[in-house]
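Indexing begins at 1, ligand by ligand and atom by atom, following the structure's order.
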Amino acid sequence: MIQISQFGEITQFKMGRESRGEAWQPPGQVFYWTAAYLVDGLLIDTGCPHTAEEFVRALEGRDIKLAVNTHYHEDHVGANYLLQQKLGLRILASRKAIPLINGVPKQHTYQEVTWGIPVPTKVGLLPHKIETEHFRFDVVPTPGHCSDHVALVEPAQGWCFSGDLFASREPKAIRPEEDMGETARSMQKLVDLNTDELVLFTGSGNVVRDGREALRACIAYLKDLSLKAKQLAKQGLSASAIRDQIFGRETVLAGITEGDVSAENMVRSALRARI
Ligand SMILES: [Zn+2]
């Protein structure tokens, strides 16, 4: 399923596979949305493999000159292969993302069911800046969610295409590869940008008008969480006991993802974090 929305000059494509009645999701509903954005001929992310054909059809007749993957995850590179095959589109990604996008993905069952398995694709190296006909985008390294992550910022417009760096003000569960300290530092980097406003166009399709406020709130939450977790660890509590103290219990997501996206991962990262 694809939903297309317009935000001024930015076209948003929200995509997701409809359930066929998997245990965790009523039939016909999208379990997890992912978003791509098209602005001035620049496509930012390409959705998930399950919606790749539908997405390429939705792009027919639109002027697209270049695509960028914010990071290597399957819900951001899913239509790369078809876009290269059918439109001959040039696609760029960060130095760290290139081998991951061109490699065989290591995925859990929930990832294959929800998003699909991406075809490995060869993509080019992202420069530090990208110019389209009317806009200039800075490529800002923003590791944390994963180490290869970048955001695209148009300073004059106050636009920030933030990929999966920001999901919510108070995230409750993360994957093992996520580094909370890096996430907080990357968010601070965006807060400190010299722009009048900062609107976040996120990888899940939420558009956050006051991006600075949202990022500051998330940084403060992560700092507080890290402090609390470290205090409880000093008292001799295990990671799972700290999780129960702070969050009450494990999230539903942990069950669906067989522990890949969990509150306990959040606690483990909080204990490691230098924030
Ligand atoms: Zn991601």
Would you call Glu131 and Lys129 a salt bridge, using N to O less than 4.0 angstrom? no
Go through the steps to decide whether Phe13 and Tyr37 satisfy the test ring-ring contact (aromatic ring centres under 6.0 Å, His included), and finish with yes or no. CA-CA 6 Å; Phe13 300 85; Tyr37 298 90; 8.8 Å; no
For [X], what is the atom name of its N, O or S atom nearest to the Zn ion (ligand 1)?
{"X": "His71", "value": "NE2"}
{"X": "Asp164", "value": "OD2"}
{"X": "His145", "value": "NE2"}
{"X": "His73", "value": "ND1"}

Counting only heavy atoms not in Lys228, do more than 12 fall under 6.0 Å of its NZ? no
Donor-acceptor pair between Asp164 and His145 side chains, under 3.5 angstrom: yes
